[in-house]
Amino acid sequence: MDTILVVNAGSSSVKFQVFVVEGEGRLLRMIKGQVEGIGSRPRLRANGAGGDPMADRAYPIEAIPDVPAAMSVAGEWLRSEVRVNPLAVGHRVVHGGPDYERPVLVDHGVVSRLERFVALAPLHQPHNLAPIRSILANFPTVPQVACFDTAFHRTHGPLADHYAIPHQLHAEGVRRYGFHGLSYEYISRSLPQIAPDIAKRRVIVAHLGSGASMCAMKDGLSVESTMGFTALDGLPMGTRPGQLDPGVVLYLISEKGMAAAKVQEFLYRDCGLKGLSGVSNDMRELEASTDPQARLAVDYFAYRVGLNAGMLAAALQGLDAFVFTAGIGENSSGIRARVAEQLRWLGVTLDEAENARHSSLISGKNSLIPVYVIPTDEELMIAQHTLSLLMNGHSRNTRHKRVS
Ligand code: AMP
């Protein structure tokens with residue numbers, strides 16, 4: 001059985017999925033699993049594609065102190081118990097910097113180049129690279145592919161790519177990269193089947209999950225994003241504030257005496273819905289709560305999605321469709337209804353029943369702009385990229401844009 005392993009490694013968990021390669025390059029999901037609680041209370045959990053449990057085991061903390069150890073436990077389980085020996089491994093890597101505009105087959109040179117972007121994504125990039133390094137060391141003949149969250153946005157023009165800061169910093173890599181690119185790419189590839197008449201037109205995609213951003217697409221390509229240099233910018237998120245006057249950061253440093261590491265921790269973990277509500281970072285809890293601060297957080301979220309939609313519609317010079325995706329976008333009819341209210345000035349209306357049913361097309365009959373709900377699948381996107389690089393040979397390894 002030919003399989004592709006997809007790995008998404010973070011600081012405290014390594015998520016993995018296995019896809020079976022069927023005829024004509026079709027991919028069928030077989031296993032979804034994760035090693036969670038790395039360095040605290042490690043646990044391996046895995047389910048089959050239909051949700052049937054395959055493994056649920058706790059490990060002592062010394063057995064899985066870090067990401068490479070988690071990768072080796074998951075790999076050993078897959079090899080010896082499930083008899084999965086993947087043809088190739090595809091990795092989610094948050095930052096491809098200015099260099100990479102598409103996925104790439106990994107070798108030691110690529111890993112070194114990607115290490116340069118650790119400073120740009122210190123909370124994600126080191127963990128994304130750790131399993132790549134350990135597979136390179138232990139299974140050097142297994143092809144690995146790095147798929148970047150930034151790559152889909154490399155089509156941005158100079159106006160979308162710059163901050164108004166001295167050029168030298170842009171040359172060093174201080175740019176508006178944009179993230180969630182694998183999700184947007186999946187939506188872009190799905191649109192021709194779901195809505196062929198608008199797939200190539202002006203579309204805003206709202207990826208609303210625990211991380212949240214929006215992408216303006218034209219011709220199926222990204223022209224603008226609400227995220228920038230890091231995944232902190234743009235929309236409010238579960239624990240990140242979204243757009244923030246840099247003066248607030250200066251205030252935290254100069255008036256509150258916070259060191260850089262403290263500010264980073266604060267901005268990534270204590271703000272957003274959690275900070276504003278003081279109740280939770282989970283939209284389900286906030287929607288169910290009667291706490292006034294929780295209500296403010298929900299209102300704020302919908303308001304900012306609407307505000308940013310206005311900005312992206314201006315970037316597109318109009319709007320032909322709006323798409324909701326990710327955890328909140330796919331599952332919360334309440335948030336979708338609130339966002340649609342914010343978009344009413346654009347002529348958006350929802351069909352209440354279709355919205356409650358989480359249908360694919362949820363706009364009202366008279367809506368000037370069709371509104372869709374499209375479940376995203378970043379892992380399938382990674383598996384597809386990995387298989388296609390595998391089939392097209394290793395020549396693409398060098399096809400990345402160089403920093404100018
Ligand atoms: P994601 O990061 O895409 O996996 O999205 C995770 C987030 O989606 C969770 O933190 C929840 O806030 C949100 N979510 C999931 N299901 C629902 C739901 N039924 N209603 C509201 N929010 C939800």
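All ligand and atom numbering here is 1-based and tracks the order in the structure. Computed from a predicted model, the values in this text were never measured in an experiment.
With N331, T325, D282, L286 as candidates, the residue nearest to atom 10 (O) of ligand 1 on a non-hydrogen basis is D282. Taking only non-hydrogen atoms, the option from R336, M237, E330, R284 nearest to atom 23 (C) of ligand 1 is R284.
Interface atoms of ligand 1 facing E287, defined by a heavy-atom separation under 4.0 Å, are 20 (N), 21 (C).
When side chains are defined from C-beta on, L182 counts as touching H385, because their heavy atoms get closer than 4.5 Å. Counting heavy atoms from C-beta outward, M237 and M227 have side chains that approach closer than 4.5 Å.
At a distance under 4.0 Å, no protein heavy atom can be found next to atom 4 (O) of ligand 1.
Below 30°, between 30° and 60°, or above 60°: for H95 and Y177 the angle between ring planes is above 60°, a perpendicular geometry. Ring planes of Y300 and Y303: tilted class, angle from 30 to 60°. F148 and Y100 have parallel rings, their planes meeting at less than 30° on a 0 to 90° scale where 60° marks the start of perpendicular.
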H207 and F179: CA distance, side-chain angles, deciding distance, ring pair (Phe, Tyr, Trp, His ring centres under 6.0 Å) verdict: CA-CA 10 Å; H207 176 108; F179 296 87; over 10 Å; no
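Atom 13 (C) of ligand 1 has as its closest protein heavy atom I328 CG1, 3.4 Å. The shortest contact between atom 6 (C) of ligand 1 and any protein heavy atom is with S210 N, 3.8 Å. When only non-hydrogen protein atoms are considered, atom 22 (N) of ligand 1 lies nearest to M283 CB, 3.5 Å.
At a 3.5 angstrom cut-off on N or O pairs, H207 does not count as close to ligand 1. Note: no N/O pair closer than 3.5 Å links G209 and ligand 1 by distance alone. The shortest N or O to N or O distance between G211 and ligand 1 is not under 3.5 Å.
Taking the charged nitrogens against the carboxylate oxygens, D149 and R92 do have a contact shorter than 4.0 Å, which makes a salt bridge.
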